[in-house]
Asker: 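The structure's right below; bear with me while I get my questions together.
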Amino acid sequence: MASSLAAWLDYLEQLHPVGIDMGLERVANVARRMQLLERPIAPRVVTVAGTNGKGSTLAVMAAVAAAHGSRVGTYTSPHLVRYNERVTLLGHEISDTQLVAGFEQVEAARCRSPEISLTYFEAGTLCALWCLAQARLDIVFLEIGLGGRLDAVNIIDADVAIVTTIALDHASFLGTDLAQIGREKAGVFRADRPAVLGSKCLPDSVADTARKLGAPLYSLGDSFERCPVEGGLWRWQGRRADGLPLTLDRLPDPGLPLDNAATALQALALAGCDLAVEATRQALADVELSGRMQWIGQWCLDVGHNPHAAAYLAKRLGTRPNARLWCVIGMLDDKDVEGVVAHLVPVVTDWVCVGLSGPRGRSAQSLAAVIERQGGVVHGCAATPTLGAESLKDKLMPEDRVLATGSFFTVGELLATDLPQATCATRRE
């Protein structure tokens with residue numbers, strides 16, 4: 001049996017014949033053997049599904065709940081640099097020792113007769129749920145990995161479930177029909193438990209699924225809203241768990257999409273968190289989410305990898321039309337590269353394309369071909385994100401900005417390296 005976290009992760013990658021195997025029967029059977037379904041993993045559980053915005057919504061919920069004194073745990077995926085990022089307990093990444101103990105529990109349950117095969121993600125999810133259940137938390141936030149109805153996280157009946165946005169992504173598993181994608185993601189809803197809709201542009205199938213289940217519906221723009229006020233601040237108006245209206249005024253911009261922040265507050269209120277304005281303000285001012293509009297000097301790192309995310313990036317970064325905006329981009333081959341590039345080309349002035357390793361990695365040269373077809377100026381191709389970043393070492397001017405995007409793999413690698421910043425007064429091409 002593996003003894004280190006690295007050894008366990010290597011072992012788990014070999015357990016199942018395919019990396020993604022949608023369905024709940026196998027993972028639920030192992031969960032029952034681990035007694036994870038006999039009682040709640042925490043007094044309150046909130047599950048977040050959606051194409052984009054899951055991470056920022058969850059980050060806001062965790063920060064605000066902790067600011068109100070709750071003992072908070074989270075499970076997210078994928079990670080950027082360390083596997084430990086996927087589970088946090090009381091605001092801290094889980095230790096290797098705790099994860100190894102969790103994987104030992106999963107393996108013991110999995111290997112009982114009859115033995116059950118699990119994917120890497122399924123084993124990781126069960127490990128995370130076991131670790132969270134041991135920590136005696138007040139509230140746990142769970143992020144769906146892919147889809148919703150058939151995602152391993154959905155073996156847990158959440159007290160409140162969220163769908164943030166619906167857009168095209170993971171087409172090989174979820175298809176290209178937005179209505180069907182909406183139904184799949186709405187599979188996290190439960191009868192008689194609040195369903196929170198975090199966008200005004202969701203397909204009707206999401207709300208229809210909630211109504212058919214008998215899940216009370218709370219929609220952005222209807223049940224709750226966010227409104228700008230003077231000085232770059234905003235106001236949240238929503239509903240408490242008892243149905244009474246609640247307003248939180250003069251909230252700071254968290255640096256994350258405000259629709260997601262508003263959705264987070266509504267879900268917390270429905271989960272029984274007695275929101276106080278001062279604690280909420282402090283949490284929003286302090287919240288951070290690695291790899292989402294994360295600024296490191298001149299660099300903005302964002303894991304956006306589909307057209308919906310690219311459109312948001314273009315809107316946020318296109319506010320300085322006369323400034324030079326570089327983009328270091330690396331993407332997987334199963335993503336909508338053309339759609340992502342189409343949103344970024346109007347605001348990106350200079351491109352550097354990078355390759356990603358692995359069977360799904362797309363070459364830098366194929367990325368460059370797409371960008372050039374759409375009128376973008378490509379300055380070079382590099383085999384890895386690190387080499388792509390290094391190529392800008394003597395090119396950046398102090399007023400330049402650099403967007404690094406396209407994949408968790410791109411951003412994760414760059415977070416682990418020293419990003420070049422402008423040190424010269426004249427540009428050397």
Asker: Do any N or O atoms from the side chain of S219 and from the backbone of D222 form a donor-acceptor pair under 3.5 angstrom?
Answerer: no
Asker: Measure the shortest side-chain to side-chain distance between W236 and D249 over non-hydrogen atoms and say whether it is less than 4.5 angstrom.
Answerer: no
Asker: Could you tell me if S95 and Q98 have a donor-acceptor pair between their side chains, going purely by distance under 3.5 Å?
Answerer: yes
Asker: With no hydrogens and no angle check, just 3.5 Å: does a side-chain donor-acceptor pair link D138 and S70?
Answerer: no
Asker: T410 side chain to G330 main-chain N or O, any donor-acceptor pair under 3.5 Å?
Answerer: yes
Asker: Could you tell me whether the side chain of T417 and the main chain of L414 form a donor-acceptor pair under 3.5 Å?
Answerer: no
Asker: For V64, is there any backbone N or O sitting under 3.5 Å from a side-chain donor or acceptor partner on H68?
Answerer: yes
Asker: Between the side chains of R250 and E230, is the shortest nitrogen-to-carboxylate-oxygen separation below 4.0 Å, so that they form an ion pair?
Answerer: yes
Asker: Rounded to the nearest 0.5 Å, what's the gap from CG on L265 to CG on L246? Could you check?
Answerer: 9.0 Å
Asker: R71 side chain to R136 main-chain N or O, any donor-acceptor pair under 3.5 Å?
Answerer: yes
Asker: For the atom pair SG (C353) and CZ (R362), what is the distance rounded to the nearest 0.5 Å?
Answerer: 10.0 Å
Asker: Scan for side-chain hydrogen bond (donor to acceptor under 3.5 Å, both in side chains) pairs involving residues 145-161, sequence neighbours excluded, and state none if there are none.
Answerer: R149-E184, N154-R190, D157-R190
Asker: So which pairs with a foot in residues 263-285 pass side-chain hydrogen bond (donor to acceptor under 3.5 Å, both in side chains), sequence neighbours left out?
Answerer: E278-R281, Q282-D286
Asker: Taking atom types as modelled and ignoring hydrogens, do the side chains of T57 and T164 form a donor-acceptor contact shorter than 3.5 angstrom?
Answerer: no
Asker: Please check if the side chain of Q105 supplies one atom and the backbone of A101 the other of a donor-acceptor pair under 3.5 Å.
Answerer: no
Asker: Does the H16 side chain pair with the main chain of Q14, one donor and one acceptor, at a distance under 3.5 Å?
Answerer: no
Asker: Would a distance-only check, ignoring hydrogens and angles, find a side-chain to backbone donor-acceptor pair under 3.5 Å from E390 to L387?
Answerer: no
Asker: Hey, is the main chain of F224 close enough, under 3.5 Å, to the side chain of Q237 for a donor-acceptor pair?
Answerer: no
Asker: For H343, give me all partners under ring pair (Phe, Tyr, Trp, His ring centres under 6.0 Å), at least two apart in sequence or on another chain.
Answerer: none
Asker: Scan residues 258-268 for pairs that pass salt bridge (charged side-chain N to carboxylate O under 4.0 Å, His left out), counting only residues two or more places apart or in two chains.
Answerer: R226-D259
Asker: With a 3.5 Å distance limit and no angle check, can you tell me whether S117 reaches the backbone of L15 through a side-chain donor-acceptor pair?
Answerer: yes
Asker: Among pairs that include at least one residue of residues 343-352, which meet salt bridge (charged side-chain N to carboxylate O under 4.0 Å, His left out), considering only residues two or more places apart or in two chains?
Answerer: R324-D350
Asker: Are E225 and K200 ion-paired here, with the side-chain N under 4.0 Å from a carboxylate O?
Answerer: yes
Asker: If only side-chain N and O atoms count, and only distance matters, is there a donor-acceptor pair under 3.5 Å linking D336 with N306?
Answerer: no
Asker: Could you note down all residue pairs passing salt bridge (charged side-chain N to carboxylate O under 4.0 Å, His left out) where residues 299-318 supplies at least one of them, sequence neighbours left out?
Answerer: none
Asker: Please determine, by modelled atom types, if E413 and T386 share a side-chain donor-acceptor pair under 3.5 angstrom.
Answerer: yes
